[in-house]
**Q** 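The structure under discussion is supplied below as structure tokens; questions concerning it will follow.
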Amino acid sequence: MANKGLFPDYIFESSWEVCNKVGGIYAVLSTRARTLCNMLGDHLIFIGPDCWKTEPCPYFKEDKALFADWRKKASSEGLSVKIGRWTVPGEPIAILVNFDSFYSKKDAIYGQLWEDFQVDSLHAYGDYDEASMFSYAAARVVQSFYYYNISPDKKVVYHGNEWMTGLGLLYIHKYVPEIATIFTTHATSIGRSIAGNNKPLYDYFEGYNGNQMAAELNMQSKHSIEHQTAKYVDCFTTVSEITARECKQLLDKPVDVVLPNGFENDFVPKGAVFTRKRKAAREKLLAIANGLTGSNLDDHTLIVSTSGRYEFRNKGIDVFIDAMNILRHDGRLKRDVVAFIDVPAWVREPRKDLQSRLEQVFNDGTPLDSPVITHWLNNMDQDNTLNKLRALGMTNAKNEHVKIIFIPCYLTGNDGIVNLSYYDVLLGNDLCVFPSYYEPWGYTPLESIAFKIPCVTTDLAGFGLWVNAELGRYGELADGVKVVHRTDSNYADVANAIEETVYEYSEFSAANVKAARSNAEKLSRKALWRHFIKYYEQAYDFALRKAAERVSKA
């Protein structure tokens, strides 16, 4: 029988997104928390930035009784912290750290970092200083807590997410070598930058040198901290095979373990609640479409959407629009289709003319001005999505089967038009499309199938590759996930494949739709954290063995 791996007695995990809902890492950490809490209880401690200062943080509940003695000690060491619970399933302990006091010492901190690890902070700009001071403060918190509360015989792991935690991981590596360090890059900063700057990331992949590209794209400092952290930590990890390949090429360091992003489905409504919420979402989405366009679309309409961060090329918003334009000209299409782009942009305000139409439940059959958008933007003339719709002549004419609508706000439930949360809107879709060009994992398609909505993704997304690996072949619509092959040079093929898939789904019988929805949901269950936590166990074991070896040689 194989030896059971080493498992930590304590885990500290830090991220800019602990108790701070700004992106996909929040979903990774907050959904994984309960699984780890079941294993470690209050020996799992998350560390995040105190972004709210005097305001209450909406994701955090302070508890002044927790570690009260240590908090006094930390304060005497110049550390300002709030201790409490992250208000997510499992309610793990969270420490929010105020890092403002370290800005005055940043030059000395960066100088030491160069001396110890050759990290170049000279070219820092933007969020580099903020992230680094948080990272330094978080590491000081771990160091202080460890020496005050934890006996030396305990196995301890410090896990940092993204380049923003790199400085702290290197600090722990140097000053508390007994603690095992794990670094997870969810996307390399240089890979994202290459893709975001419209350079072909994949065709010339083997020719790229990370350091050279960092200089060209003015990314030296972020790339340097990421490169050196990957090199020095006990266990270097990423979230998918496609990003592992990127790490090896651009960071000159193969990953030690791949940690795919799992999921919890406990917030997916069941039974009658699911049916009721789906009906309400469809009614709202169709009312918005009819209000904007003056149409009379009914429940037989196929509702399609894409969503995510507003990365026009990386997330494939451009190819989604082109696919819908091809569908608009497809003479075979018999059903009405409404395609929504649910992506937050620079919103000015909800449209008053649309609000009054939705309130009156009256439609005189005339379209509103600009019947393609639900909220006015501050930059209506410069917005990529609106410019592409204009260039293609997509005006939502009443006689056309395909309408496309841009919902450019965060779907929090109080945007003034939709007034439903993202998950409640998601339920109303028939099909979701995520044709990513650059996507280390891809939470949006995973969320989609958990809500029984089949989706389209690509094999440049970590999630798409995982689906293909699970099925042993390319995913098809009947499986619940259609995986489209995407490269640097087959954009038109991707647009055509998406169009064909949407048309195909519009022709599915009720039985085929039911089967695809059921298969989508079954596939999502294979990505639950109870299945994926084993990869974390491998990483903990790997890091702890490396740390034990280091300490034994000291």
Side-chain angles (χ1 to χ4, degrees), residues 195 198 200-203 242 301-308 311-343 372 384-385 387-397 400-406 429-439 442 444-445 448-449 453-461 463-465 467-468 471 473-508 512-513 516 520:
N198 293 325
L201 179 60
Y202 306 103
D203 279 359
I242 196 161
T301 304
L302 191 75
I303 300 178
V304 183
S305 80
T306 192
S307 57
E311 294 179 18
F312 193 64
R313 179 189 188 218
N314 283 356
K315 298 293 184 191
I317 300 164
D318 50 1
V319 78
F320 176 71
I321 295 170
D322 275 319
M324 294 306 102
N325 187 47
I326 298 165
L327 187 67
R328 183 167 73 107
H329 295 104
D330 190 332
R332 300 172 299 167
L333 186 67
K334 302 184 195 73
R335 283 174 77 177
D336 287 318
V337 176
V338 181
F340 287 93
I341 300 170
D342 305 331
V343 173
V372 295
N384 281 333
T385 295
N387 284 341
K388 190 162 182 68
L389 295 177
R390 275 192 285 269
L392 293 170
M394 298 185 81
T395 58
N396 290 343
E400 291 187 329
H401 272 310
V402 178
K403 310 282 192 290
I404 190 159
I405 292 167
F406 186 16
N429 288 286
D430 294 301
L431 186 67
C432 291
V433 181
F434 307 102
S436 300
Y437 172 77
Y438 182 83
E439 187 68 83
T444 43
S448 164
I449 61 171
I453 297 148
C455 72
V456 186
T457 186
T458 73
D459 58 359
L460 291 183
F463 173 77
L465 290 174
V467 168
N468 288 349
L471 298 170
R473 56 176 167 75
Y474 269 71
E476 293 295 344
L477 202 49
D479 301 311
V481 180
K482 166 76 174 177
V483 183
V484 175
H485 177 53
R486 186 160 189 194
T487 68
D488 275 312
S489 44
N490 74 339
Y491 181 99
D493 295 340
V494 174
N496 283 316
I498 293 165
E499 187 271 342
E500 189 60 38
T501 304
V502 177
Y503 167 72
E504 184 191 332
Y505 200 64
S506 78
E507 292 282 298
F508 264 26
N512 286 347
V513 167

**Q** Which of these, V337, D430, L431, sits in a side chain to side chain contact (heavy atoms under 4.5 Å, CB included) with I303?
**A** D430
**Q** If I take atom CD1 from residue I321 and atom CD1 from residue I326, how far apart are they, to the nearest 0.5 angstrom?
**A**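 Here the rounded value is 12.5 Å.
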**Q** Return the CG to CZ distance between L333 and R328, rounded to the nearest 0.5 Å.
**A**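 Between atom CG of L333 and atom CZ of R328 there are 12.5 Å.
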**Q** Looking at every heavy atom in both G308 and V343, which two are closest together, and how far apart are they?
**A** O-CG1, 3.7 Å
**Q** Kindly indicate whether the side chain of I317, heavy atoms from C-beta on, has any atom under 4.5 Å from the side chain of F312.
**A** yes
**Q** Working to the nearest 0.5 angstrom, can you tell me the gap between Y503 OH and E499 CD?
**A**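 Here the rounded value is 9.5 Å.
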**Q** Answer yes or no: is there a side-chain heavy-atom contact under 4.5 Å between Y474 and V467?
**A** no
**Q** When you look at D322 and K388, which way does the salt bridge (Lys or Arg N to Asp or Glu O under 4.0 Å) test go after all the steps?
**A** CA-CA 9 Å; D322 275 319; K388 190 162 182 68; 3.0 Å; yes
**Q** Hey, could you give me the CG/OG1 distance between L460 and T487, rounded to the nearest 0.5 Å?
**A** 7.5 Å
**Q** Hey, what do you get for CG (N468) to CG (D459), rounding to the nearest 0.5 Å?
**A** 6.5 Å
**Q** List for me each residue that meets ring pair (Phe, Tyr, Trp, His ring centres under 6.0 Å) alongside Y202, sequence neighbours excluded, and say none if there are none.
**A**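 Counting only residues at least two positions away or on another chain, Y202 forms a ring pair (Phe, Tyr, Trp, His ring centres under 6.0 Å) with Y437.
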**Q** For the residue pair E476 and K482, what are the closest heavy atoms and their distance?
**A** OE1-NZ, 3.1 Å
**Q** Where is the tightest heavy-atom contact between G442 and F463, given as atom of each residue plus distance?
**A** O-CB, 3.8 Å
**Q** Is any side-chain heavy atom of V484 closer than 4.5 Å to a side-chain heavy atom of P435?
**A** no
**Q** Before giving the answer on side chain to side chain contact (heavy atoms under 4.5 Å, CB included), spell out for Y505 and V513 the whole-Å C-alpha distance, their side-chain angles and the decisive distance to 0.1 Å.
**A** CA-CA 8 Å; Y505 200 64; V513 167; 3.5 Å; yes
**Q** With a 4.5 Å cut-off on side-chain heavy atoms, are I404 and N325 touching?
**A**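 A side-chain contact under 4.5 Å is absent here.
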**Q** As a test of understanding, state which of N396, I405, T395 forms a side chain to side chain contact (heavy atoms under 4.5 Å, CB included) with V372.
**A** N396
**Q** I need the minimum non-hydrogen distance between I449 and G480, along with the two atoms involved.
**A**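 Taking every non-hydrogen atom into account, CG2-O, 3.7 Å.
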**Q** Within the distance-only criterion (no hydrogens, no angle test), does the side chain of N387 pair as donor or acceptor with the backbone N or O of N384 below 3.5 angstrom?
**A** no
**Q** What's the shortest heavy-atom distance between S489 and D203, and which atoms?
**A**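 Smallest interatomic distance, heavy atoms only, reads OG-OD2, 3.7 Å.
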**Q** Within the side chain of N490, is there an N or O that forms a donor-acceptor pair under 3.5 Å with the backbone of H485?
**A**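 Judged by distance alone, yes, a pair lies under 3.5 Å.
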**Q** Check whether any side-chain N or O of K403 sits under 3.5 Å from a backbone N or O of E400 as a donor-acceptor pair, and report yes or no.
**A** yes
**Q** Which atom names give the shortest non-hydrogen contact between F406 and I341, and what distance separates them?
**A**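 Here F406 and I341 meet closest at CD1-O, 3.4 Å.
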**Q** Can you check whether E439 reaches K315 side chain to side chain, under 4.5 Å on heavy atoms?
**A**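 Yes, side chains in contact.
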**Q** Applying salt bridge (charged side-chain N to carboxylate O under 4.0 Å, His left out), can you list everything that pairs with D330, at least two apart in sequence or on another chain?
**A**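 Applying salt bridge (charged side-chain N to carboxylate O under 4.0 Å, His left out) to D330 gives R332.
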**Q** To the nearest 0.5 angstrom, please state how far the OG1 atom of T385 sits from the CZ atom of R390.
**A**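 Output value for this atom pair is 10.5 Å.
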**Q** Keeping T458 on the side-chain end and S436 on the backbone end, is there a donor-acceptor pair under 3.5 Å?
**A**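 Answer holds: yes.
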**Q** Quick one: does R313's side chain have a donor or acceptor within less than 3.5 Å of a partner on D318's backbone?
**A** no
**Q** When you compare the side chain of N429 with that of S448, does any pair of heavy atoms fall below 4.5 Å?
**A** no
**Q** Any heavy-atom pair between the side chains of F434 and T306 that's under 4.5 Å?
**A** yes
**Q** Any heavy-atom pair between the side chains of V319 and R486 that's under 4.5 Å?
**A** yes
**Q** Suppose we screen for salt bridge (charged side-chain N to carboxylate O under 4.0 Å, His left out). Which residues come up paired with E507, at least two apart in sequence or across chains?
**A**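 If we apply the salt bridge (charged side-chain N to carboxylate O under 4.0 Å, His left out) test to E507, skipping adjacent residues, the hits are K334.
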